[in-house]
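Naming convention: chains lettered A, B, ... in sequence-line order (proteins, then strands); numbering from 1 in each chain.
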Amino acid sequence: MTEGWTVSRLTWRAPVLAACLCLAASLAAVAQDEAAARPSALDSLVTWMPFILKGFGLNLLMSVLAMAFATVTGVILGFMQISPLALIRVPAKLVTHLFRNSPWLVILFAIMLLVPFQITLPGGERILIPDWVKATFGFALPVMANISEILRGAVMSIPTGQWESADSLAMTRGQTLRHIILPQCIRRMMPPWMNWYALLTLMTPMAAILGVDEALGNTQAAMEAAGSRPEFLIPFYLFLMTIFFVFIYPISLYTRRLEKRFAAAS
Amino acid sequence: MPRNENWTEAQPIVALHDVHKSFGTFEVLKGIDIEVMKGEVVCIIGPSGSGKSTLIRTINGLTPVSKGSVKVEGIEVHDAKLDKLALRRKVGIVFQQYNLFPHRTVLENVMMAPLLVLKENRSEVEARARTLLEKVKLRDKEDAYPAELSGGQQQRVAIARSLCMRPDVMLFDEVTAALDPETVKEVLMTIKDLATDGMTCMLVTHEMGFAREISDRVYFTDAGRIVESGPPAQIFDAPQDPRTQEFLSKVL
Ligand SMILES: Nc1ncnc2c1ncn2[C@@H]1O[C@H](COP(=O)(O)OP(=O)(O)OP(=O)(O)O)[C@@H](O)[C@H]1O
Ligand SMILES: [Mg+2]
């Protein structure tokens, strides 16, 4: 399902286009700014850029942590899905399908509201769980389910002859998985895994809805603080889109290169 | 494998008695009896779909039997309590589709199972692997990946990989069927060397000339039964059963 999916089918034209748009937006902002007494939209943007970028830092942090969590749990869940024991297989399938087929925003809201904002340790110590941590968890769950499915698919795509050879050489199931099957799966899993990372990163601004101070939340806060003028909208949002683009585009380019290389190798 | 103290080399090393195998309601093996002595070379021939692969795979427990007994060195293969892994250390198998591990080099392919399964010393295994690669004439390819080798070369690596586990019996299931005619010979030569060295070999093959040359005994199977068996001269020159005669007239 996910193998053929890419973040964006972009060419070299795309970055140029983005740069032009950005420039156009800046010019528009300057042109709109007829009253010289007020700082121009562009000046305001420049003033608030560090604040927005700081928010973006949180987006990156959430995306990296969520991806790490999703990868570890997704791989475990994926292996559970191929277990010969129904007791292990069935719950893993249930969890996988539940989180793969639920809207991300619903999962996010559910996590935000279900997980308490603080927990009390047995020792009586209280730990606060910041909203961004909860959001990270909420983003990780659907990605985990998809990685579980990617792993299962990759294992299934390994020819049965590999299992039979390993069996015949007296390897145990665990040895076969670890030394024969998984190494071959990793290659196949790389492109879809990177696609999911890109998608996950693009989803992180949803956390703004729940009050997390990431890039989108900070952008809105910045526009408000600068006077909520309508001419802010285009430059501020374009700037926001550009930073995501600059981060994601190389990833999607690299993913496509990997896909091509694997297609050529097989 | 739990050594069977009662087994001696005077008894068959591989013995199948009344082996039946069904896939669903379809009976593929309908009572197979075969006995192989240590050091013997046995060929199984027969039309496509007659159950040759199924038969040979019951010997290392890859395919469970429905009924009957398969013994290797006097030990029942299809005993639920048997340690399958222990059995497979004694019985090597090579398949039509080589099935090398594509992410490992030739040398690593050969060394992997002895290191992981037998937990042997690395330098010991490495020396043995190199000797085996020398034997199959692929010493210069030890750092190559399987994809960089021809079919015949890959198949010889597969043979070396099996041998590195120091099996007592080697099974070959149409190991030359997927090869170009030019490379068939080099694989057959390898098997012949092995047989000359005294390895017990069971081969499923369509190479009739080779079967005749190498085997001590030939089994002809049809529709899940052994129709006829005997020394190669008898089977190939004076087949008794009309089904054998018909098959041989088609392939010779
Ligand atoms: N796993 C399986 N499930 C169901 N049917 C099977 C299975 N394996 C084999 N068969 C059937 O059993 C029959 C015998 O198969 P087998 O592979 O043993 O024949 P063979 O003599 O090796 O043929 P060939 O010369 O084409 O390799 C065939 O009809 C095949 O379709
Ligand atoms: Mg076959």
Side-chain angles (χ1 to χ4, degrees), chain A residues 3 71 75 78-79 82-88 147 150-194 254-255 257-266, chain B residues 1 53 56-57 59-64 82-105 108-120 145-148 154-155 157-167 169-173 178:
Chain A
E3 266 88 330
T71 303
V75 166
F79 275 126
I82 54 167
S83 165
L85 293 176
L87 200 69
I88 295 175
I147 288 177
I150 290 168
L151 183 95
R152 193 188 64 86
V155 171
M156 290 310 185
S157 74
I158 305 290
T160 53
Q162 294 287 308
W163 287 96
E164 289 187 346
S165 278
D167 263 4
S168 304
L169 291 165
M171 291 187 199
T172 61
R173 189 182 160 82
Q175 286 171 333
T176 307
L177 279 172
R178 173 154 151 40
H179 297 279
I180 310 297
I181 306 298
L182 194 58
Q184 295 184 59
C185 287
I186 288 173
R187 270 169 50 106
R188 291 168 203 232
M189 287 175 66
M190 269 317 275
W193 182 83
M194 283 166 55
Y254 185 64
T255 307
R257 264 228 330 254
L258 277 185
E259 273 171 352
K260 268 196 205 139
R261 194 180 334 144
F262 292 163
S266 57
Chain B
M1 186 147 53
S53 297
I56 209 157
R57 289 159 59 99
I59 298 169
N60 76 339
L62 266 187
T63 299
L82 174 73
D83 178 5
K84 279 245 160 34
L85 300 180
L87 163 79
R88 286 175 184 154
R89 289 173 205 172
K90 295 282 176 199
V91 184
I93 187 166
V94 183
F95 304 93
Q96 180 176 332
Q97 294 298 342
Y98 347 121
N99 298 336
L100 293 181
F101 305 132
H103 59 299
R104 294 299 186 98
T105 64
E108 287 168 347
N109 262 275
V110 177
M111 290 174 59
M112 214 166 175
L115 288 179
L116 286 175
V117 176
L118 305 179
K119 311 247 186 300
E120 286 179 301
Y145 283 88
E148 298 160 12
Q154 290 191 52
Q155 194 58 290
V157 175
I159 294 172
R161 182 176 68 175
S162 260
L163 290 175
C164 208
M165 289 292 281
R166 288 187 291 200
V169 178
M170 281 292 290
L171 310 174
F172 298 88
D173 188 4

Any idea which heavy atoms bring A:Q175 and B:V117 closest together, and the distance? OE1-CG2, 4.0 Å
Could you report the tightest heavy-atom contact between A:L169 and B:S162, atom names first, then the distance?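 Scanning both residues completely, I find the closest heavy atoms to be CD2-CA, 4.3 Å.
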Look at A:P159, A:P183, A:S168 and state which one has the largest set of heavy-atom pairs under 4.5 Å with chain B.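 Among A:P159, A:P183, A:S168, the one with the most close pairs to chain B is A:S168.
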Would you mind checking which part of B:R104 comes under 4.5 Å of any heavy atom in chain A, side chain (CB onward), backbone (N, CA, C, O), both or neither?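 Contact with chain A involves the side chain of B:R104 alone.
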Donor-acceptor pairs under 3.5 Å, side chain of residues 91-101 of chain B to any protein atom, not counting sequence neighbours: which ones?
residue : atom : partner : partner atom : Å
B:N99   : ND2  : A:G161  : O            : 3.4

Mark yes when over 12 heavy atoms from residues, nucleotides or ligands other than A:R173 sit less than 6.0 Å from its CZ; otherwise mark no. yes
Within 6.0 angstrom of A:L87 CG, more than 12 heavy atoms from elsewhere: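 Atom CG in A:L87 is not crowded, with 12 or fewer foreign heavy atoms closer than 6.0 Å.
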Could you have a look at B:P102, B:P114, B:A158 and say which one has the most heavy-atom pairs with chain A under 4.5 angstrom? B:P102
Flag the pair A:H179 / B:L116 as yes when at least one side-chain heavy-atom distance between them is below 4.5 Å, and no otherwise.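 In short, these two side chains touch, coming nearer than 4.5 Å.
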Check whether any side-chain heavy atom of A:R187 lies under 4.5 Å from a side-chain heavy atom of B:H103, and answer yes or no.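 Side chain of A:R187 against side chain of B:H103, heavy atoms only: no contact under 4.5 Å found.
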